[in-house]
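Report on the following structure.
Each chain gets a letter, A, B and so on, in the order the sequences are listed, and its residues count up from 1.
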Number of protein chains: 2
Amino acid sequence: MPVAQLQSLQCSDCPIRHRAVCARCEADELEALNVIKYYRSFQAGQPVIWSGDQMNFVGSVVSGIATLTQTMEDGRTQMVGLLLPSDFVGRPGRSGAAYNVVATTDVVMCCFRKKPFEELMARTPHIAHRLLEMTLDELDAAREWMLVLGRKTAREKIASLLLILARRDVSLGADERIGGALSFDLKLTREAMADYLGLTLETVSRQISALKKAGVIILEGKRHVIVPDMRRLIEEAGDDSDGGLVG
Amino acid sequence: MPVAQLQSLQCSDCPIRHRAVCARCEADELEALNVIKYYRSFQAGQPVIWSGDQMNFVGSVVSGIATLTQTMEDGRTQMVGLLLPSDFVGRPGRSGAAYNVVATTDVVMCCFRKKPFEELMARTPHIAHRLLEMTLDELDAAREWMLVLGRKTAREKIASLLLILARRDVSLGADERIGGALSFDLKLTREAMADYLGLTLETVSRQISALKKAGVIILEGKRHVIVPDMRRLIEEAGDDSDGGLVG
DNA sequence: TGTCATCCTTGACACAGATCAACCCGAGGT
DNA sequence: ACCTCGGGTTGATCTGTGTCAAGGATGACA
């Protein structure tokens, strides 16, 4: 999840900086983007669908969390992606095995209408190039997650997820650090975490308790996590790549 | 795995048709591509690395199988991608968590030198667009695989893998059909399958035996698989999307 | 204040798949 | 003919996680 390295982009009226479409000439593109964008909000639990037009290109999360999930007929579901503020999403369900995009909390998205966006892409090749880079990054992240799903223990899975969430909050500046400790809000239910990790919610609960008892994390309430020592958490995750967060 | 729908592209001297870079003006691009390409072969077990230059862009498998794998310090490995003939690969290890590309059998690849390839991309925007589409397809495939890894049983996993391999062979015309039955060669060891599915090789062996006993598949030797009824296999995979292969 | 719903925790037990171990089979090599 | 070695099968047992079930905490609402 090399999110921290991404260029970012500030819309005229969004409260956050989006992951960038254009790495080179931000100012120019911004002006163009501000013209063709509009906002939509979704309630928690609501599927994220662009009005009518099959959601043909791209939107960016401004606030809230949306998830990409796949479901089998018998109800088993697997989350395949997490859309946190600043993430882009586009073209779900285009090919064979469609996944669903659902708002997990209340969500506001900044959307770009398909046609003008594509015209913009055609005019400015480096935007297309940047989009390719972003997609390749997502592919890397998905493949990294395959290791988590296929080979890690429940405890390692939980630690890996906490690590990802912590890093995201850090890269958005939404974290708090007090004397080396890092704390952040867990915005997912135990069930959502279970769906992401390929576990049951009971196992998630147990492993979080275990990490708490081991002193790797401290819980305030059920949703606020304090990580006294990032290195401990990284170790629990069985992760070698530290994402440049320790220093 | 919407491979069958992809445009394909015949090099001047490759025996196979590659998944297309250019969907629109094949002839022109072919000429350009034939100029800047060269071949490399790799022995089974050998890591696939472009001579010196960090493998900065793209190569396509002509024959053999290469795999993308991720490994933890303690040796646990998870395969995150399978490169079959006609697949493209590019930019491994660029971002944080690098995966390894290894030739699983002897492999011949058709490579495009980084610089001329990128120039070609810049000149012809629809090639860049096509590359984006291909990457999005890979992302979809990776996400589909996350469902397999996270939520399917061992038996379903095996069936899913067989299904993918069967479909790939069909789309390359490498299958044989006799009276509705479909047969193909399994080019992976039990261990490779296990790494792909997040299982142990023993479990793979057992589940293959189980599918054999149940009559879902027939084995000739250890590596040749006959599927008498594709529908049975799809059912075992717990898969709703039939990939357009049944009819 | 009580009721209800949602989210979470914890315990007891079952079972799928991992682990450990023995053995089989076919292909080279000498 | 014999040996060796990689790949594959099968059995016995162990264990991590799922399943089922009961109950706790918190907040919304009447």
Side-chain angles (χ1 to χ4, degrees), chain A residues 43-45 65 67 72 74-78 104-106 148-162 185-214 217-225 236 238, chain B residues 43-45 65 67 72 74-78 104-106 148-162 185-214 217-225 236 238:
Chain A
Q43 292 182 342
I65 298 188
T67 58
M72 295 170 65
D74 61 7
R76 279 178 281 177
T77 78
Q78 172 67 49
T104 296
T105 65
D106 289 352
V148 173
L149 288 174
R151 292 299 186 194
K152 292 198 177 177
T153 65
R155 182 156 174 165
E156 289 168 335
K157 285 179 174 181
I158 297 288
S160 299
L161 179 56
L162 292 178
D185 267 331
L186 207 49
K187 287 152 211 123
L188 300 172
T189 66
R190 302 289 187 258
E191 190 181 15
M193 290 192 242
D195 281 344
Y196 202 18
L197 297 167
L199 298 170
T200 59
L201 67 93
E202 291 96 330
T203 300
V204 169
S205 181
R206 273 188 254 269
Q207 295 303 332
I208 287 181
S209 299
L211 286 176
K212 192 172 76 178
K213 202 181 298 176
I217 58 174
I218 298 164
L219 284 186
E220 265 174 12
K222 291 160 192 304
R223 296 287 190 92
H224 194 75
V225 181
E236 290 286 351
Chain B
Q43 292 181 342
I65 297 189
T67 59
M72 295 171 66
D74 62 7
R76 279 177 281 177
T77 78
Q78 172 67 47
T104 297
T105 65
D106 289 351
V148 173
L149 288 174
R151 292 300 187 193
K152 292 199 177 178
T153 65
R155 182 157 174 165
E156 288 168 335
K157 284 178 173 181
I158 297 288
S160 300
L161 178 57
L162 292 179
D185 266 330
L186 207 49
K187 286 151 211 124
L188 301 171
T189 65
R190 302 291 187 256
E191 191 182 16
M193 291 192 242
D195 281 344
Y196 203 18
L197 297 166
L199 297 171
T200 59
L201 68 91
E202 293 95 330
T203 300
V204 170
S205 181
R206 273 188 254 270
Q207 295 301 332
I208 288 181
S209 298
L211 286 176
K212 192 172 75 177
K213 203 182 297 176
I217 58 173
I218 299 165
L219 283 186
E220 264 174 14
K222 289 159 192 307
R223 296 290 190 91
H224 194 75
V225 181
E236 290 286 351

Winner on side-chain proximity to L199(A), out of dT9(C), dG18(D), dT10(D), is dG18(D)
Proximal nucleotide (of dT10(C), dG17(C), dA21(C)) relative to the T153(B) side chain
dG17(C)
Winner on side-chain proximity to A154(A), out of dA12(D), dT17(D), dT19(D), is dT17(D)
Would you classify L201(A) as touching base, sugar-phosphate or nothing, given that sugar-phosphate means primed atoms plus P, OP1 and OP2, and contacts are heavy atoms under 4.0 Å?
base
Mind checking if G221(B) touches a base, just sugar-phosphate, or nothing, with heavy atoms under 4.0 Å?
nothing
Nearest-angstrom distance from the residue atom CG of L211(A) to P of dC8(C):
16 Å
Go nucleotide by nucleotide along DNA chain C from the 5' end; which of R151(A) and L188(A) gets its closest nucleotide reached first?
L188(A)
How many Å lie between NZ on K222(B) and P on dG7(D), as a whole number?
13 Å
Does dG17(C) have its OP1 or OP2 closer than 4.0 Å to a side-chain nitrogen or oxygen of T203(B)?
no
Using a heavy-atom cut-off of 4.0 Å across all strands, would you classify T189(A) as base, sugar-phosphate, or nothing?
sugar-phosphate
Is there a side-chain contact between S205(A) and the phosphate of dT10(C), meaning an N or O under 4.0 Å from OP1 or OP2?
no
Of the candidates dT9(D), dA18(C), dT17(D), the side chain of Q207(A) sits closest to dT17(D)
Say whether K152(A) and S160(A), considering side chains only, have a donor N or O and an acceptor N or O under 3.5 Å apart.
yes
Give a yes/no answer on whether the side chain of R190(B) brings an N or O atom under 4.0 Å of OP1 or OP2 in dT9(D).
yes
Scan R223(A) against the nucleic acid and name what it touches under 4.0 Å (heavy atoms): base, sugar-phosphate only, or nothing.
sugar-phosphate
Give the intermediate values and the outcome of salt bridge (charged side-chain N to carboxylate O under 4.0 Å, His left out) for residues D185(A) and K187(A).
CA-CA 6 Å; D185(A) 267 331; K187(A) 287 152 211 123; over 6 Å; no
